[in-house]
Participant: 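Right, I'll just put the structure down here and ask away after.
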Amino acid sequence: MNRFEKLPLLMTGLLTLVTVGLVGTHSATTAHASSSKLNDYISSQDIKPASITKSIWSGFPKNKYRNGYGKPEGVVVHETANPSSTIYNEIAYMKKNYNNAFVHSFVDASRIINIANTNYLAWGVGYPGNARFVQFEQIEVHSKSASAHEIANAAWYTAYLLHEYNLKPNDAAYDGKGTVWSSLYHGSVLHLG
C-alpha cells in the first residue's frame, strides 16, 4: 500500500471507530472499495488499537496554538515516506532535528508514542497549520497485516485526539475546512485559510 492510499483508509477506519460524528472518505470509488476491504479485514482479524505510550521529551519548545494553550483545531496525519526507518529511529531523528521540524506523536503497526505535549503546537506542516493542529507521523509499513494494524492505530489515535479536544470529525479534503488533514492531499495543509 502506498502512502497516498493510507489517508482514505484512515478516514474510513475513523468512520468505523468514531461514534461522535460522521467522517467521509475520499470520494474515489476504488479508495472506498479498498477501505471497505481493509475494514472487513480489521474486523475479521479482531485488530485492536495499541495503547498510547506517553514519552514526552522536555526539550521541545512550548508555544501556544493560535487560539491558546490546549486549543488545537484539528489533527494532521503525516507519513514518513521512509521505507527503511523504524518508529524509534524517527523519534531519535525528531529529537535531534526539532529546530527544523517536529510532530507530537508517531504511529506504527504496534505502537502509538506521544513525544511532545499536544497542548502546545508542533512545527511539521508549515504556516498556518503549525499553529492550528496536533500532528502525528505514520511510519511506513510493508505488509497487509502491518498496514491494517497501523490504520487501526492511526484511526483510533485521531479519534482520541478529536474527542480529547472536543472537535467534530470532518475530513478537510472536501472543503479545506475540516478537522482531519493530511500532508498527503496535494499539500492541502500548506494552503489553509
Side-chain angles (χ1 to χ4, degrees), residues 6-7 10-11 13-14 17-23 49-82 85 87-108 111-139 153-193:
K6 284 186 179 182
L7 190 72
L10 169 67
M11 294 308 298
L14 187 57
L17 294 169
V18 176
T19 59
V20 295
L22 293 176
V23 175
S51 298
I52 300 168
T53 300
K54 291 201 180 248
S55 184
I56 307 297
W57 183 56
S58 62
F60 290 120
K62 292 175 180 60
N63 299 302
K64 295 177 185 173
Y65 292 100
R66 74 177 182 170
N67 292 327
Y69 171 82
K71 296 190 183 272
E73 299 169 47
V75 178
V76 172
V77 180
H78 298 278
E79 205 270 357
T80 62
N82 186 344
S85 191
I87 197 167
Y88 296 111
N89 290 347
E90 292 292 336
I91 290 169
Y93 180 84
M94 194 71 50
K95 287 179 181 177
K96 289 178 188 169
N97 295 283
Y98 72 89
N99 283 320
N100 297 322
F102 73 96
V103 296
H104 295 99
S105 305
F106 288 87
V107 173
D108 70 6
R111 291 169 291 269
I112 302 167
I113 302 176
N114 175 218
I115 64 167
N117 187 333
T118 59
N119 288 317
Y120 295 105
L121 63 81
W123 46 70
V125 303
Y127 175 83
N130 290 338
R132 297 178 63 188
F133 301 109
V134 174
Q135 303 174 49
F136 72 88
E137 292 269 0
Q138 291 178 269
I139 306 303
N153 287 341
W156 185 88
Y157 188 54
T158 302
Y160 166 84
L161 290 167
L162 293 173
H163 177 75
E164 182 79 9
Y165 291 105
N166 198 31
L167 299 166
K168 182 180 178 184
N170 180 8
D171 184 355
Y174 293 116
D175 60 9
K177 298 178 184 175
T179 57
V180 180
W181 289 80
S182 171
S183 57
L184 304 180
Y185 274 137
H186 311 290
S188 59
V189 171
L190 302 177
H191 302 289
L192 298 170

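Throughout, residue positions are numbered sequentially from 1 according to the sequence presented.
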Participant: Looking at CD1 of I113 and CG of D108, how far apart are the two atoms once the value is rounded to the nearest 0.5 Å?
Facilitator: 7.0 Å
Participant: What distance separates N117 CG from K54 NZ, expressed to the nearest 0.5 Å?
Facilitator: 7.5 Å
Participant: Between atom OH of Y93 and atom CG of N100, what is the distance when rounded to the nearest 0.5 Å?
Facilitator: 6.5 Å
Participant: Quick check: do H78 and V125 have side-chain heavy atoms less than 4.5 Å from each other?
Facilitator: yes
Participant: Mind checking the NZ-CG spacing from K71 to N119? Nearest 0.5 Å is all I need.
Facilitator: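 It is 10.5 Å, given to the nearest 0.5 Å.
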Participant: Does atom NZ of K95 have more than 12 heavy-atom neighbours, drawn from other residues, nucleotides or ligands, at distances under 6.0 Å?
Facilitator: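 Buried by this count: over 12 neighbours within 6.0 Å.
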Participant: Counting C-beta onward and ignoring hydrogens, is there a side-chain heavy-atom pair between V134 and Y65 closer than 4.5 Å?
Facilitator: yes
Participant: Is the Y157 ring parallel, tilted or perpendicular to the Y160 ring (thresholds 30°, 60°)?
Facilitator: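 Taking Y160 first and then Y157, their aromatic rings lie parallel (interplane angle under 30°).
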Participant: List in chain and number order the residues that pass salt bridge (Lys or Arg N to Asp or Glu O under 4.0 Å) with E73, two or more places apart in sequence or in another chain; answer none if no residue qualifies.
Facilitator: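 With neighbours one apart ignored, the set is R66, R132.
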Participant: Do M94 and W57 make a side-chain contact, defined as non-hydrogen atoms from C-beta onward lying under 4.5 Å apart?
Facilitator: no
Participant: Hey, what do you get for CZ (F106) to CD1 (I112), rounding to the nearest 0.5 Å?
Facilitator: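 Reported value, rounded in 0.5 Å steps: 13.5 Å.
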Participant: Using a cut-off of 6.0 Å, state whether more than 12 heavy atoms not belonging to K177 lie near its atom NZ.
Facilitator: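 Atom NZ in K177 is not crowded, with 12 or fewer foreign heavy atoms closer than 6.0 Å.
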Participant: What do you reckon, is CG of N97 surrounded by more than 12 foreign heavy atoms closer than 6.0 Å?
Facilitator: yes
Participant: Would you call P61 and W123 a side-chain contact if the rule is heavy atoms closer than 4.5 Å?
Facilitator: yes
Participant: Using side-chain heavy atoms (C-beta onward) and a distance below 4.5 Å, is T118 in contact with Y165?
Facilitator: yes
Participant: State, to 0.1 Å, how close N153 and A50 come at their nearest heavy-atom pair, and which atoms those are.
Facilitator: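 Looking at all heavy atoms of both residues, the closest pair is OD1-N, 2.7 Å.
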Participant: State, yes or no, whether a side-chain contact exists between F136 and T158 at a heavy-atom distance under 4.5 Å.
Facilitator: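 Yes - at least one pair of side-chain heavy atoms lies under 4.5 Å apart.
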Participant: How would you list, by chain and number, every residue that makes a ring-ring contact (aromatic ring centres under 6.0 Å, His included) with Y88, sequence neighbours excluded?
Facilitator: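 Residues passing ring-ring contact (aromatic ring centres under 6.0 Å, His included) with Y88: none at all.
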Participant: Could you tell me whether a side-chain N or O of N130 sits under 3.5 Å from a main-chain N or O of G124, the two making a donor and an acceptor?
Facilitator: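 Flag set: sc N130 to bb G124 pair under 3.5 Å.
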Participant: Between E90 and S85, does a side-chain hydrogen bond (donor to acceptor under 3.5 Å, both in side chains) hold up when you go through it step by step?
Facilitator: CA-CA 7 Å; E90 292 292 336; S85 191; 2.9 Å; yes
Participant: Would you confirm whether the ring centroid of Y120 sits within less than 6.0 angstrom of the ring centroid of Y69?
Facilitator: yes
Participant: If you compare all heavy atoms of E79 against all heavy atoms of I139, which two are closest, and at what distance to 0.1 Å?
Facilitator: OE2-C, 4.4 Å
Participant: Looking at A122 and H104, what are the two nearest heavy atoms and their distance?
Facilitator: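 Heavy-atom minimum between the residues: CB-CE1, 3.5 Å.
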Participant: Working to the nearest 0.5 Å, report the span between OG1 of T53 and CD1 of I115.
Facilitator: 12.5 Å
Participant: Within a strict 4.5 Å, meaning less than it, do heavy atoms of the I56 and N114 side chains meet?
Facilitator: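 Counting from C-beta outward, I56 and N114 do come under 4.5 Å.
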